[in-house]
Number of protein chains: 2
Amino acid sequence: MLQPELKFRRDKIRSLMALQGIDAALITCNANLIYTYGCVVSGYIYLPLHSPALLFFKRPNNITGEHAFPIRKPEQIVDLLKEQGLPMPAKLMLEGDELPYTEYCRLASLFPEAEVVNGTPLIRQARSVKTPIEIEMFRRSGIAHTKAYEQIPSVYRPGMTDIEFSIEIERLMRLQGCLGIFRVFGRSMEIFMGSVLTGDNAGYPSPYDFALGGQGLDPALPGGANKTPLKEGQSVMVDLGGNFNGYMGDMSRVFSIGKLPEEAYAAHQVCLDIQEKIASIARPGVPCEKLYDTAIEIVTAAGFADKFMGTGQQAKFIGHGIGLEINEAPVLAPRMKQELEPGMVFALEPKIVLPGVGPVGIENSWVVTNEGIEKLTNCNEEIIELK
Amino acid sequence: MLQPELKFRRDKIRSLMALQGIDAALITCNANLIYTYGCVVSGYIYLPLHSPALLFFKRPNNITGEHAFPIRKPEQIVDLLKEQGLPMPAKLMLEGDELPYTEYCRLASLFPEAEVVNGTPLIRQARSVKTPIEIEMFRRSGIAHTKAYEQIPSVYRPGMTDIEFSIEIERLMRLQGCLGIFRVFGRSMEIFMGSVLTGDNAGYPSPYDFALGGQGLDPALPGGANKTPLKEGQSVMVDLGGNFNGYMGDMSRVFSIGKLPEEAYAAHQVCLDIQEKIASIARPGVPCEKLYDTAIEIVTAAGFADKFMGTGQQAKFIGHGIGLEINEAPVLAPRMKQELEPGMVFALEPKIVLPGVGPVGIENSWVVTNEGIEKLTNCNEEIIELK
């Protein structure tokens, strides 16, 4: 990652810090290290408002640079700051929504004179508007994601189960460069590479606030495929995370085993209509709730409201910001007044689950431009029949 | 999971709580929910010392049962406890090393009269000694892991890179039922399914306290394969996590492209000798440091100390407890006085990295029995030549 890009990102955080009178940030969680330092290390970025960022690192042991200092434990940071002639912060921010309680307390205790505040919301705000380089990374990721998805029909074999199909698609994704890991903000939501859902398993409620659930293979990891055979007349939705360079692109496509009932194509078209309508009205200044409400109007008029975003348990959003984590700001949900801004990147995923058939609908990643929104994941959106 | 097993596990936690005068635990992190409740939910297990555990759940919405209560937010828990006639705890434990700071504070504030303490070490202590059913799950996992590893030579093709080889082995693991996800205790260590390391990439230092590192494909996810071609005269170590049922079995095996230099076979034999020696002395009551020191004695006498557990950056352990997470107690490391107990399960992984050749050595999962230790991952331990 280029240094000017990283400095630009750190300065975005600094300008939000200045608004809240925060003197310094101590950053150590992986997604935020990638954002501010360009890679994952075991260590801490100390980000003062008015002087260059310093790296205090434990591992790897081969880091060099003017502003990089090896440490064994965080207690050494304060003395090193003093040696550098830096003042102690009066107001310090830590990653309060991300750091474990005991680690937060340990770091806060290094600065006994400071007011310590939760910096997570501020960093997430900075990260919610992407830089041109980040958007370019999403663009490249979308191309790789598409290349993998275009090969999906070639790995289908009659008689497969959903998990067997998923495994072959996971392999396609990995061969295109997918890093595999699925980064989520918050401690609780765990998922492997994404989900492949067919038939009634798509309506199986999730413990997480995901668009769709699925039973999964084991109670230790609920979600996704559950060994359902892929059967004639059923749909299959593929929704694997597109993490090719750290940025979590998101794209879902639907396939069918043979032909589906007419209702399924109608429901799929409703989702495409929702996507088209939202693409036509989304632009900077539009509040997120407006997009959600628009989707609900269309799906209600079409008679599919009770099957929208799940059946037994319905997700109350139609899209979510994406970035280094799959669930960033903004969220396209009811009562969300937050307005779109140029540079925001989000996944839009209107989906309908039809009992006895399976899931239909669409998901793409979009970037907010000055005039509207632009699709980053360009791949056939029809239901593709598998043979 | 059978209810008597789950109650037995909760009672193990309760007996440790009693020793510390803790009245109740509020448990919500996934690994601890699997341990105490048998599956992942979005919710909270309230575990009083002297009455049955209660589940307060947000999702999925289809949970039933006498002791299960749907909630929208944790603030409802206190009223529901009162409705059940339960007293407020005087001393409550929360998962302080696992819960984010803000979430810990929110939960603690529900019990303003209580002394709130960090329960993570106590739960980890309970989890460190496995029940017979957990050991059986490791045993089954070891069999599936072996079935996948036995097929590794069949997916090798000359001219492959390490990542291409890794992808095919990941597929073999998934086809045997591997859930894929790699659960780690602590916020920082991220890894996809494990690592496949060849040549000098095995000496690339990791940001994590892993046995070996590897550059990885992208700075956003350091570790593992880095597109090194598999070349004649180089070794390849496969170390993928064996999570087939929630329990993280651990096994590494070494392969060669053609023949390796004699030194590599000698170094590999040193690792097997270490394993054999440790297997002969490990038994309940033996302190973990004794096992580490034994390994160091053998590898030093053999002249490989400077290449043991890495080159540029050497890991300071030879094994680690495993369970629902890859890094449980005990740790086989210097100055670790903790003694082995029957039911502990650990990975033992003496490994040597030879510059210009790659990694050699062995890793297996072991359970501590009443008399010694027993291997749970039984698969050919020689260096297997790939053709």
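Hydrogens, waters and symmetry mates are skipped; everything else that's a heavy atom, side chains included, is used. Residue numbers start from 1 in every chain, and the chains themselves are labelled A, B, ... in the order their sequence lines are given, proteins ahead of strands.
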Quiz item: Would you find a donor on one side and an acceptor on the other, under 3.5 Å apart, between the side chain of Arg187(B) and the backbone of Thr28(A)?
Solution: yes

Quiz item: Who wins among Arg183(B), Glu164(B), Glu98(B) for the most heavy-atom pairs under 4.5 Å with chain A?
Solution: Arg183(B)

Quiz prompt | Reported CG-to-CD1 distance for the pair Asp218(B) and Ile34(A), which is rounded to 0.5 angstrom | solution = 8.0 Å

Practice problem: Check whether Asn118(B) gets within reach of chain A through its side chain, its backbone, both or neither, counting any heavy atom under 4.5 Å. | Solution: side chain

Quiz item: Do the non-hydrogen side-chain atoms of Tyr208(A) and Val40(B) ever get within less than 4.5 Å of each other?
Solution: yes

Quiz item: So which residues of residues 238-246 of chain B are in contact with chain A at a heavy-atom cut-off of under 4.5 Å?
Solution: Phe244(B), Asn245(B), Gly246(B)

Exercise. Determine the option with the most heavy-atom pairs under 4.5 angstrom with chain B, choosing from Ser206(A), Gly177(A), Gly186(A).
Key: Ser206(A)

Exercise. Just give me the residue among Leu99(A), Val41(A), Leu217(A) that pairs up with chain B most often, heavy atom to heavy atom, under 4.5 Å.
Key: Leu99(A)

Self-check item: chain A contacts, top residue of Pro60(B), Ser166(B), Gly224(B) (heavy-atom pairs, under 4.5 Å)
Solution: Pro60(B)

Quiz item: Quick one: of Ile63(B), Asp209(B), Thr120(B), who has the most non-hydrogen atom pairs under 4.5 Å with chain A?
Solution: Asp209(B)

Exercise. Identify the heavy atoms of Arg59(A) and Pro207(B) that sit nearest to each other, and give their distance.
Key: CB-O, 3.4 Å

Exercise. State which residues pass side chain to side chain contact (heavy atoms under 4.5 Å, CB included) with Ala25(B); sequence neighbours excluded, sorted by chain then number.
Key: Met17(B), Ile27(B), Leu47(B), Met93(B)

Self-check item: Interface residue of largest heavy-atom contact number with chain A, from Gly96(B), Gly213(B), Ala31(B), under 4.5 Å
Solution: Gly96(B)

Exercise. Answer with side chain, backbone, both or neither: which region of Glu168(A) has an atom nearer than 4.5 Å to a non-hydrogen atom of chain B?
Key: side chain

Self-check item: Least distance between heavy atoms, Gln313(B) atom then Asn61(A) atom
Solution: OE1-N, 2.8 Å

Quiz item: Residues of residues 188-196 of chain B under 4.5 Å from chain A (heavy atom pairs)?
Solution: Ser188(B), Glu190(B), Ile191(B), Phe192(B), Met193(B)

Practice problem: Tell me the residues of residues 100-107 of chain A whose non-hydrogen atoms fall below 4.5 Å from those of chain B, in number order. | Solution: Pro100(A), Tyr101(A), Thr102(A), Glu103(A), Tyr104(A), Cys105(A)

Self-check item: Max heavy-atom pair count under 4.5 Å with chain B, selected residue of Asn62(A), Leu175(A), Leu179(A)
Solution: Leu179(A)

Quiz item: Looking at Gly312(B), Cys29(B), Pro205(B), which makes the most heavy-atom pairs under 4.5 Å with chain A?
Solution: Pro205(B)

Exercise. Could you have a look at Gly223(B), Pro222(B), Ala220(B) and say which one has the most heavy-atom pairs with chain A under 4.5 angstrom?
Key: Ala220(B)

